[in-house]
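Pasting a structure below so you can have a look.
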Amino acid sequence: MAIAGAVEEIQERIQKACARAGRKAEEVRLMGVSKFQDAPLIDQAWQAGIRLFGESRVQEAAGKFAGFKEAHPGTELHLIGSLQRNKAKIAAGLFDVIQSVDRDELIAELGNLTGDRKNPLMILLEYHTAEDSKSGYRDLDSLCRAAERALEFSGLSLGGLMTMAPFTEEEAPVRASFRALAAARNALAARFPAFNLACLSMGMSNDFEIAIEEGSTLVRIGTAIFGERAP
Ligand SMILES: *Cc1c(COP(=O)(O)O)cnc(C)c1O
């Protein structure tokens, strides 16, 4: 089973990267990014030990995960792709965490949908640290304003930041992108002690070891687990 072997190999590489960085392997969560993968493959990943899945489209995730979650207790599902306002309601009901919050309008929309929740919906703010990516807050000021907005809604809890590094073979710009995310998190944490901003979601198949060295607590791995996906 190719997926089981791939998961094992990634877990070993995570452990080694943690050891190099003087970190504990338990500090880094492994997400299987299952976008464009069908249910049998997602099931194989679950059998291989993956409990956290990431999807980039609301509709696709709703189709694949609505029944899956009941049949696979302990499954956690995060949204990692851009969210349209008109899908916010489905998203708030389906996802455990929305990692890709990139504008204040969305915070208000999600906040208005979650006011009566016992357990708040966790959100991460997406920070635009590389030119290749289209989405994300552009600077620390706008991240701070977003955090202030999130404070207004009891149904939301801000859990940290996420980013995508530039797509390049060069290490320096990738590392700089991850450093910028960690620095922004530290700055926000100092200004917003009400939030526990523990989550730094950074690192994908081709750069997760660098991300771990720079403090990642959640790596989002698609291709290296599932193989190339048909777009
Ligand atoms: C697709 C995607 C990933 C996974 O990318 P791989 O290179 O296949 O590991 C991670 N994060 C986001 C936001 C994505 O859209």
Side-chain angles (χ1 to χ4, degrees), residues 2-3 5-14 17 28-38 41-42 44-45 48-62 64-65 76-84 87 91 94-103 106 122-138 159-171 173-175 177-178 180-182 184-185 199-231:
I3 288 181
V7 168
E8 198 176 323
E9 192 190 316
I10 298 285
Q11 278 162 344
E12 275 166 24
R13 285 171 62 189
I14 290 174
V28 181
R29 297 184 73 196
L30 170 57
M31 164 190 283
V33 175
S34 50
K35 63 185 181 196
F36 310 132
Q37 309 294 348
D38 57 15
L41 291 179
I42 295 172
Q44 279 187 35
I50 300 288
R51 292 294 176 272
L52 169 59
F53 291 90
E55 284 281 341
S56 57
R57 297 179 188 180
V58 176
Q59 221 72 35
E60 184 191 333
K64 294 193 297 193
F65 278 92
E76 199 178 318
L77 183 63
H78 294 191
L79 181 66
I80 60 170
S82 68
L83 176 58
Q84 305 302 315
K87 305 256 171 63
L94 178 68
F95 293 99
D96 300 291
V97 176
I98 299 191
Q99 292 205 1
S100 41
V101 172
D102 59 358
R103 56 203 194 280
L106 202 51
M122 185 177 285
I123 59 169
L124 305 184
L125 301 177
E126 182 172 353
Y127 187 25
H128 182 266
T129 60
E131 279 317 313
D132 322 39
S133 150
K134 292 182 292 277
S135 48
Y137 286 98
R138 298 277 154 162
L161 301 179
M162 94 83 128
T163 201
M164 284 172 86
F167 306 108
T168 168
E169 298 284 301
E170 276 176 78
E171 187 181 309
V174 172
R175 195 177 287 283
S177 167
F178 295 146
L181 194 72
R185 190 273 308 272
C199 187
L200 271 186
S201 172
M202 57 189 200
M204 301 172 26
S205 292
N206 56 352
D207 57 19
F208 70 89
E209 284 144 318
I210 303 171
I212 288 171
E213 288 166 15
E214 297 301 332
S216 173
T217 66
L218 191 160
V219 293
R220 309 181 306 266
I221 311 293
T223 320
I225 291 178
F226 294 100
E228 293 295 333
R229 54 188 166 256

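Atoms within each ligand, like the ligands themselves, are counted from 1 in listed order. Atom set for the values below is all heavy atoms of this structure, side chains included, hydrogens, waters and symmetry mates excluded.
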Exercise. Show the protein residues that qualify under the rule heavy atom under 4.0 Å from an atom of ligand 1, listing them in chain and number order.
Key: V33, K35, I80, M164, M204, S205, R220, I221, G222, T223, R229

Quiz item: Would the number of heavy atoms belonging to other residues, nucleotides or ligands and lying under 6.0 Å from CZ of R57 be above 12?
Solution: no

Quiz item: Do R13 and F208 touch side chain to side chain, with heavy atoms closer than 4.5 Å?
Solution: yes

Quiz prompt | Among S135, S201, S100, the one residue meeting side chain to side chain donor-acceptor pair (under 3.5 Å) with E126 | solution = S135

Quiz item: Is it true that E60 and K35 make a salt bridge, defined as a side-chain N closer than 4.0 Å to a carboxylate O?
Solution: no

Quiz item: Do the charged groups of R51 and E76 touch, with an N to O distance under 4.0 Å?
Solution: no

Self-check item: Modelled atom types, side-chain donor and acceptor of T223 and E228, under 3.5 Å
Solution: no

